[in-house]
Amino acid sequence: MIKVNNLVKNYDNKPVLKGVSFEVKENEIYALLGPNGAGKTTTLECIEGLRSFDQGSVSLANKTPHQAISAGLIGVQLQSSSLFRNISVLEAMEFICRSQNCDVSYDLLDQFDLMDQKNKKYKTLSTGQKRKLHLALALAHQPKILILDEPTAGLDVQARATLHKQIKQLKQQGMTMILASHDMSEVEDLCDRIGILLNGNLIKEGTPLEIINEVKEHTILKIKTSEAINYKDVKALSFLSQQQDYDVCSTDNLHDGLAMLMQWFNEKNIELLDLIIEKPTLEQRFIDIANKEGV
Amino acid sequence: MKAFMTILKIKTKMDFRSSDILITNYLVPILFFLVMGAVFTSIMPETKNTLIASMIVFSTTMGATIGVSASVNELFTQDIRKTLVVSKVSFLKLIFSSILSGIFHLLIVSTIIILVAPILFDATSISNVFIFYGRIIISTFTIVLVGVIIGLLSKNTAQLTILAQLIFLPSMMLSGIMFDASLLPAILKNVGKLLPATQSFLLLTSSDTYIASYGPLLIMALVFILLIAVLLQRLKTLERQ
């Protein structure tokens, strides 16, 4: 649905994107993950047609970004979306719908809990209400592709959860989405696939689980037993440290490590008092990757 | 057309709600008219003949250079501009609706002046309403175009204020609305002729009915329209760098 091929963008001869390539399939939620300045917004703006690029190509359903905007294929919520201070919520919907040459979508205002605020001026809306309004405006012309830049930045927990629910509903309705974020839990919760962007390079791509599981030794086991254990005898585990009453070990294969541990406990008649398994999070994994890349 | 009518309706409503427009298009011009009308007509009784024209030129120049320019500038701030581009909003329709809304608001003030000046200050009433309104519309249109140019040229509020004052203050001093322009040194008199306010004042006080008397303002309007087209194109190009 979205094809980005070898995208290169320089600002004043300073490379910002250094040959970024990825593909977003139909009905997929794809996230561009990266720290500030990694090139996420620039990549999205190239896809949205807001920015020219020096090399490479971008296609949305086999159309250029400008053709895609003209055909009403894409809906966009920018990181810095803004509107006129004195426009009301209802007028904003009318204004955008008429410009997009579609019927005014009062249902969307209802869907995003904005009907009660319909006469409120844009300048008086909260950050959450503005985000919801811009999302509703982006969906007004029923696009096939939705582009979201930091969709929940500045939102409180409740507003964030509501917006996540709405994004998931849109996926159920068949929408293809690409979003940029540096919120790992958001990306883990919402996205089918992730691309990690560092210093203008897409250095890793995959599902959140694939990326988390790529380095397996990060699965941590905290084991509390009835008597001391010599972990040299359990080959699938590496002893790391002792924390209070727990032995902290890591394993590169959770299934084999656990099976071996249980068998060994049975043979030695050792009682397992407690076991805590800590899977690595996307955040830990991201920090590892960033450190490895020297970011 | 439907899109344009919606944009025009919303833009006019937004301008009614704007405190900037309320101050620069209504409150200050009307206050200035009430104070200066009393002063002018008492110390220089002959100004009664030109009071309506001079106060209309003052109001429209202030409303356009300070009010309309700020309103246009807000429409095209970077974040809003990006939102407009991705939402397929036509810049041209937005500018056109700003011009019409600006003219509409300034015509309201002009009408107040036309109605009140003869009653309060014994100002000479206008003889031909249709011709006079036609002239007001041409004058206001040209001056509003200047406001649009200032709004499109300015990158921030500081620039906007400086540019607006650069046009507004000479317009007040050199156009002949405050004092007789013939008293000015030749060079300033000639500079003054380049200002839409001067040409507007000449047109509104002229008894000429020749079409040629509209020439200077129409030529200025044409130049300003071309400049606006260039500035709009520049905005679109800037966006994509």
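Values reported hereafter were calculated over all heavy atoms of this structure, with side chains retained and with hydrogens, waters and symmetry mates removed. Just so it is clear: chains get the letters A, B, ... in the order the sequence lines come, proteins before strands, and each one is counted from 1.
- The contact between B:Leu94 and chain A is made entirely by side chain atoms (from C-beta outward), counting heavy-atom distances below 4.5 Å.
- Using a 4.5 Å cut-off between heavy atoms, A:Glu45 touches chain B through its side chain atoms alone.
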Practice item. Please test A:Thr41 against A:Gln79 for side-chain hydrogen bond (donor to acceptor under 3.5 Å, both in side chains), starting from the C-alpha separation and ending with a verdict. Key: CA-CA 8 Å; A:Thr41 297; A:Gln79 186 179 9; 3.1 Å; yes

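- Residue pairs that meet the salt bridge (Lys or Arg N to Asp or Glu O under 4.0 Å) test with at least one member in residues 70-93 of chain A, sequence neighbours left out, are A:Arg85-B:Asp20, A:Arg85-B:Glu74, A:Glu91-B:Lys13, A:Glu91-B:Arg17.
- With a 4.5 angstrom heavy-atom cutoff, A:His141 does not touch chain B via any of its atoms.
- Legend: salt bridge (Lys or Arg N to Asp or Glu O under 4.0 Å) pairs involving residues 166-178 of chain A, not counting sequence neighbours, sorted by first then second residue: A:Lys168-A:Asp189, A:Lys171-A:Asp192.
- In this structure, B:Phe33 has its ring center no closer than 6.0 Å to that of B:Phe58.
- Looking at B:Thr6, only its side chain comes within 4.5 Å of chain A, counting heavy atoms on both sides.
- The contact between B:Leu75 and chain A is made by backbone and side chain atoms together, counting heavy-atom distances below 4.5 Å.
- With A:Glu28 contributing its side chain and A:Lys25 its backbone, the two residues share a donor-acceptor pair below 3.5 Å.
- The pair B:Lys82-A:Glu48 does not count as a salt bridge, with every side-chain nitrogen at least 4.0 angstrom from each carboxylate oxygen.
- Contact annotation for A:Leu78: only side-chain heavy atoms (C-beta onward) come within less than 4.5 Å of a heavy atom of chain B.
- Only the side chain of B:Lys9 comes within less than 4.5 Å of a heavy atom of chain A; its backbone N, CA, C and O stay farther away.
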